[in-house]
Amino acid sequence: MVEAAKAIVTFLTQPEWLITLSGIAMALFFWKRDQLVHPRVMLPVALASTLFFVLSCLNDNFRAIVTKPDNIPIVLLLVFVGFLFWLAMYQAVENDKRIANGLPPQEAADEPAKVTVWPNLVYTEMICIILMTVGLVIWSVFIKAPLEEPADPSDSPNPSKAPWYFLGLQEMLVYFDPWLAGVVFPGLIIVGLVAIPFIDRNPKGSGYYTFAERKFAISVFCFGFLVLWVLMVMLGTFLRGPNWNFFGPYEHWDVHKLVPLTNVNLSEYIYVKWMGQQLPESILVREGPGFVLIGLYFLALPPLMAKTFFKNFLRDLGFIRYNLMAFLFLFMLFLPIKMVLRWTMNLKYIVAIPEWFFNI
Amino acid sequence: MALTDKLVSTVTESQVWKSIFRHGMPDTPRNQALAVLSNVFLHLHPIKARKSGIKLQYTWCMGGISFFLFLELAVTGILLMFYYRPTAEYAYMDIEALGDHVPIGIMRELHRWGAHLMVLAVWLHMFRVFLTGSYKPPREFNWAVGVILLTLTLLLSFTGYLLPWDQLAIWAITVGSNMARATPFLGHEGPGASLLMLGDIPLVHAGDDARFGLIAGRAVGEAALLRFYVLHCIAIPFVVMILISIHFWRVRKDGGISGPL
Ligand code: HEM
């Protein structure tokens, strides 16, 4: 019984299932939000998750990893993100109901009343400061900051992990080379974030919680932040062990775990597997199909989308904004697409030119 | 009762008290306004604010908590600097000594857990600002300032990670900074770098590429420690301080905390 439950959890936490199911869960949550945000539903979910966590802590491997001092903030991250996301969606649903009934959102109903900052805001801040201070002191008294062996440049630990907030990027290294996962993606995340106010021209939903008025913007951002960032940090922290292999939450981190690497490049698929010949000598011929695919993805898809389901976007945003939006959007989707290709057909690189350190 | 009243009024009417606080008890609207206006810290606030905007369920107080944690880290960080020497010889020993010699010493703990929390708070603050659509005009610029603050917060934490000079520190920084090797054109294992040649001589190699610039050497060593120390204690906090000032100034100038129009 216990073993079966553990096996199920281990199965579901494999990266392909974890990421896919979380994506589906999020879509479902947005779709059925009116019913799902109700505390009647969410309270049992929260209790069940807590119970799951507590029971799992009976397992030594699970407990060791979630109570590791430096991992405690990541458990907190999960709790806070979960709670605050619900809080936001709850208010959004309430506001959407009001708006549907011709009322202004709750935030506007409080207007135009302005209140004095002393004591209304200053006291809240004061209480926050006191609670934070007390919390930090208690945390610090009970949990010592870890200190490992002195630095030794000749002895690299396995696994070697980047600081936890970069583990999403380190997880991307499974699917992309460092120049993409470590340089281009972070760069584009920053550029993309700065660009948000300039490509989201929807005048609605400014200054109050809503979902119905900003479905596309909120879904995309939440997918990026919750699934592609927060979830990947969790995955990298809790489920990646020696050699960056996957280890289930109850599994012992065995350095000798062998995972066969059977990944195949697109060029090998096309020339060797499908056409039954040798790889061409010329790099450009060999990687031609990959280049064409990438080119089509980034250059042909935006106009195609503009003709079909993004028609309104082109009209509302204008040419430059639309293309910027489409490029950033496609770049973000590139990650899950590559993931799915890896999981379903073991695809390693779409374009593989190790000679030039140029692999996509 | 009469005695305490008398005591209170003696104190609050003394010259010393009045030289500090230029108003009576903040129990009238006038004095509440003065309490905010005549205090250099509190006057970051407006005198009155939207009722909806200052509700906890609206802002989650996350921006405020980020700022509080920044200050907390500055204070505990300064205290740590008294005991820490950023050299390969002493760094580890000094950190170890902090744990061994100081009874119930929690400065290092306060600094480390606070740093983790600050990263968390800044992410959540961004999340809230997004979900309330508060980046929309006229707040686009402040959102951009925020994104830079987010990046700098991560860099602050990243540079601090190296300082204990233990195995966790150097290997995490090694993994992190190895990425810079693959920077297109600027890293010696990045695409395009091999195109930058002067005759036979490669212009970009392990001794001058982006990673070398970041860690001041071919591997994470003492030069990297010093570099990260200066970035962590002086350079980045300095820039963050300036950007936070701009950020707060702009919150006010953009019409206070956002609300429905
Ligand atoms: C060191 C980091 C940061 C600090 C100390 C900080 C502090 C604050 C504070 C105190 C406020 C007032 C309202 C509130 O508490 O929510 C605020 C508002 C704001 N912040 Fe930040 N912030 C930081 C990072 C960011 C980031 C990462 C973003 C976005 C990417 C951002 C964007 C904004 C915007 C747009 C507002 C105006 C929100 C509104 O009017 O509702 N900030 N910030």
Side-chain angles (χ1 to χ4, degrees), chain A residues 73 76-77 80 84 87-88 91 104-105 107-108 110-111 113-118 120-122 124-125 128-129 132 136 139-141 144-145 147-153 156-157 160-163 165-166 178-179 182-183 190 193-194 196-198 205-209 214 221 225 356-358, chain B residues 26 29 32 35-36 45-52 54 56 60-61 64-65 68 92 95-96 106 108-110 112-114 116 119-120 124 127 130-133 135-136 140 143-144 147 151 154 158 161 164-168 170-172 175-176 179 182-184 189-191 219 258-260:
Chain A
L76 289 182
L77 173 68
F80 281 118
L84 291 173
L87 185 65
Q91 298 180 75
E107 286 87 343
D110 292 339
E111 307 274 327
K114 282 206 166 191
V115 292
T116 48
V117 160
W118 183 301
N120 297 290
L121 176 57
V122 178
T124 313
E125 291 174 342
C128 270
I129 290 178
M132 291 293 299
L136 267 171
W139 186 357
S140 300
V141 166
K144 287 275 126 209
L147 186 65
E148 299 187 354
E149 295 298 302
D152 179 356
S156 91
S160 281
K161 291 191 179 183
Y165 35 82
F166 289 149
W179 75 277
V183 184
I190 295 174
L193 283 173
V194 172
I196 285 177
F198 303 99
S206 169
Y208 54 93
Y209 288 100
R214 306 170 55 205
F221 189 86
F225 180 66
W356 304 346
F357 297 114
F358 188 79
Chain B
Q32 288 172 340
V36 172
H45 298 111
I47 294 172
K48 288 189 162 197
R50 270 198 188 86
K51 197 170 162 202
S52 65
I54 61 174
L56 200 54
W60 313 340
C61 202
I65 290 178
F68 165 73
Y92 183 82
I95 297 283
E96 209 178 20
I106 55 168
R108 210 186 137 220
E109 281 69 20
L110 285 176
R112 193 180 184 107
W113 307 142
H116 285 327
V119 171
L120 238 151
L124 291 172
F127 193 39
F130 185 88
L131 289 175
T132 54
Y135 55 85
K136 300 191 176 198
E140 308 99 309
W143 169 266
V147 174
T151 316
L154 295 181
F158 184 69
Y161 224 86
W165 204 242
D166 61 350
Q167 280 289 73
L168 182 71
I170 67 158
W171 289 103
V175 172
M179 298 295 140
T183 316
E189 287 179 8
S258 57

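We use all heavy atoms of the structure for the numbers below, so side chains are in, but hydrogens, waters and symmetry mates are not. Within every chain, numbering begins at 1; the chains are lettered A, B, ... in the order of the sequence lines, protein sequences first and strands thereafter.
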Subject >> Main-chain N/O of A:A151 paired with B:Q167 side-chain donor or acceptor, under 3.5 Å >> reply: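 No: the side chain of B:Q167 does not pair with the backbone of A:A151.
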**OP:** Select one option (side chain, backbone, both, neither) describing which atoms of B:Y135 are under 4.5 Å from chain A's heavy atoms.
**Re:**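 It is both, since atoms from each part get that close.
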**OP:** Output the option from B:W113, B:F127, B:W171, B:Y161 having the highest count of non-hydrogen pairs under 4.5 Å with chain A.
**Re:**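 Between B:W113, B:F127, B:W171, B:Y161, the count favours B:W113.
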**OP:** Tell me, out of B:I95, B:L56, B:L110, who's got the most heavy-atom pairs with chain A below 4.5 Å.
**Re:**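 Of the candidates given, the most pairs with chain A belong to B:L110.
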Original post:
Can the ring centres of B:F130 and A:F225 be said to be less than 6.0 Å apart?
Top reply: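 Between A:F225 and B:F130, which both carry aromatic rings, the centre distance is not below 6.0 Å.
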For [X], is it the side chain, the backbone, both, or neither that has a heavy atom closer than 4.5 Å to a heavy atom of chain B?
X	answer
A:F166	side chain
A:V122	side chain
A:K144	both
A:Q91	side chain
A:L87	side chain
A:T124	side chain
A:W139	both

**OP:** Work out which heavy atom in A:L136 is nearest to a heavy atom in B:G114; give both atom names and the distance.
**Re:**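 Closest approach of A:L136 to B:G114: CD2-N, 3.8 Å.
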So, taking the atom named [atom1] in [X] and the one named [atom2] in [Y], what distance separates them when rounded to the nearest 0.5 Å?
X	Y	atom1	atom2	answer
B:T183	A:W179	OG1	CH2	11.5 Å
B:Q32	A:T116	CD	OG1	4.0 Å
B:H45	A:W118	NE2	CH2	11.0 Å
A:D152	B:I170	CG	CD1	7.0 Å
B:D166	A:E149	CG	CD	9.0 Å
A:L77	B:L120	CG	CG	4.5 Å

Original post:
Given A:Y208 and B:T132, is the side-chain contact (heavy atoms from CB on, under 4.5 Å) satisfied, shown in steps?
Top reply: CA-CA 5 Å; A:Y208 54 93; B:T132 54; over 6 Å; no
Original post:
Run the side-chain contact (heavy atoms from CB on, under 4.5 Å) check on A:M132 and B:I65 step by step: do they pass?
Top reply: CA-CA 8 Å; A:M132 291 293 299; B:I65 290 178; 3.7 Å; yes
